[in-house]
Amino acid sequence: EVQLVESGGGLVQAGGSLRLSCAASGFIFEDYAIGWFRQAPGKEREGVSCVSRYDRDTFYAESVKGRFTISTDNAKNTVYLQMNSLKPEDTAVYYCAATRYALGCGSSFGVGSLEGLYPYWGQGTQVTVSS
């Protein structure tokens, strides 16, 4: 069965860094795009970053460009999100998700809601940034 497990969250001061991991199993990893989403209390879930299927092109929400970097290790079936220069507004539960559909990860990621194209989700990991 498809399984996605996030790890690496924690408490960090503003300006600090964290690296999140998403370990995938139960499917052909290269056939799926992987996205990172986050949800803060009282707010809608939003796209943060994604990596496309096959070619592993990367895309970012405007709010995290220049601070976050997504990367993929196909041999380990793992996607990482390196988060630098963290801000209090980055505080949220971070989720990884997987989709077969190319439309789920492209230049519009982080602008409109694409959650409906992602059928597989992890349980999430908490990131808290103190001011």
Side-chain angles (χ1 to χ4, degrees):
E1 64 183 278
V2 174
Q3 187 174 23
L4 300 168
V5 180
E6 303 95 336
S7 62
L11 175 64
V12 65
Q13 294 185 6
S17 298
L18 286 173
R19 189 180 74 160
L20 306 183
S21 298
C22 174
S25 62
F27 59 95
I28 302 174
F29 185 65
E30 294 82 1
D31 290 350
Y32 288 74
I34 305 295
W36 283 100
F37 299 80
R38 66 186 182 186
Q39 187 167 26
K43 300 184 69 175
E44 296 291 326
R45 188 174 297 181
E46 62 179 350
V48 176
S49 182
C50 68
V51 58
S52 71
R53 61 188 299 194
Y54 302 133
D55 290 339
R56 299 308 192 196
D57 299 319
T58 58
F59 303 90
Y60 299 90
E62 194 67 31
S63 61
V64 306
K65 286 181 179 178
R67 299 189 299 121
F68 291 10
T69 303
I70 191 170
S71 60
T72 306
D73 188 336
N74 284 326
K76 295 182 178 180
N77 286 5
T78 300
V79 173
Y80 304 95
L81 185 67
Q82 178 67 45
M83 305 185 295
N84 299 326
S85 301
L86 283 162
K87 305 174 181 179
E89 51 262 45
D90 295 318
T91 295
V93 177
Y94 283 70
Y95 301 87
C96 66
T99 179
R100 299 181 183 91
Y101 307 110
L103 189 61
C105 181
S107 60
S108 64
F109 192 87
V111 178
S113 178
L114 299 175
E115 296 177 17
L117 297 177
Y118 283 80
Y120 307 114
W121 293 78
Q123 294 297 311
T125 185
Q126 176 71 47
V127 172
T128 303
V129 184
S130 62
S131 60

Inset, instruction - Identify, with sequence neighbours excluded, every residue that meets side chain to side chain donor-acceptor pair (under 3.5 Å) alongside R19. - result: none
Legend entry - Minimum heavy-atom distance P88-A14, with the two atoms named: CD-CB, 4.2 Å
Inset, instruction - Check the pair F29, T72 against side chain to side chain contact (heavy atoms under 4.5 Å, CB included), reporting the backbone distance first and the verdict last. - result: CA-CA 10 Å; F29 185 65; T72 306; 3.5 Å; yes
Inset, instruction - Please report the C-alpha distance between E6 and W36 in whole Å, then the side-chain angles of each, then the deciding distance to 0.1 Å, and finally whether the side chain to side chain contact (heavy atoms under 4.5 Å, CB included) criterion is met. - result: CA-CA 10 Å; E6 303 95 336; W36 283 100; 3.9 Å; yes
Inset, instruction - For residues 97-131, pull every pair meeting disulfide bond (SG atoms under 2.5 Å apart), keeping only residues two or more places apart or in separate chains. - result: C50-C105
Legend entry - Gap between atom CZ of R56 and atom CD of E30 - 0.5 Å precision: 6.5 Å
Inset, instruction - Examine the side chains of S17 and N84 and answer whether a donor and an acceptor come within less than 3.5 Å of each other. - result: yes
Inset, instruction - Apply side chain to side chain contact (heavy atoms under 4.5 Å, CB included) to Q3 and list each qualifying residue two or more places apart in sequence or on a separate chain. - result: V5, S25
Legend entry - From OH (Y80) to SG (C22), nearest 0.5 Å: 10.5 Å
Legend entry - F109 ring center within less than 6.0 Å of Y60 ring center: no
Inset, instruction - May I ask you to decide if F59's main-chain N or O and S49's side chain share a donor-acceptor pair within less than 3.5 Å? - result: yes
Inset, instruction - Taking the six-membered ring for Trp and the full ring for Phe, Tyr or His, determine whether the centres of W121 and F37 are under 6.0 Å apart. - result: yes
Inset, instruction - Report whether V51 and L114 are members of the same hydrophobic cluster (ILVMFWY, side-chain heavy atoms less than 4.5 Å apart, transitive linking). - result: no
Legend entry - Gap separating the CZ atom of R53 from the CG atom of D55, nearest 0.5 angstrom: 10.0 Å
Legend entry - Counterpart residues, side chain to side chain donor-acceptor pair (under 3.5 Å), relative to K76 (two or more places apart): none
Legend entry - Non-hydrogen atoms of A92 and A40 that approach each other most closely: CB-N, 3.8 Å
Inset, instruction - Grab the two heavy atoms, one from S21 and one from T78, that are nearest each other, plus how far apart they are. - result: CB-CG2, 4.4 Å
Legend entry - N/O donor-acceptor pair under 3.5 Å between T91 side chain and V129 backbone: yes
Inset, instruction - Please identify each residue that fulfils side chain to side chain donor-acceptor pair (under 3.5 Å) with D57, with sequence neighbours left out. - result: none
Legend entry - Distance, nearest 0.5 Å, that separates CG of L81 from CG of L18: 10.0 Å
Legend entry - Side chain to side chain, F68 and L20, heavy atoms closer than 4.5 Å: no
Inset, instruction - State yes or no: do I70 and L86 share one hydrophobic cluster built from I, L, V, M, F, W and Y residues joined by side-chain heavy-atom distances below 4.5 Å, directly or via other members? - result: yes
Please list, one pair per line, the donor and acceptor atoms closer than 3.5 Å that link side chains of residues 93-103 to other protein atoms, with sequence neighbours excluded.
residue	atom	partner	partner atom	Å
Y94	OH	R38	NH1	2.9
Y94	OH	D90	O	2.7
T99	OG1	Y101	N	3.1
T99	OG1	L117	O	2.5
R100	NE	Y32	OH	2.9
R100	NH2	Y32	OH	3.1
R100	NH2	Y120	OH	3.4

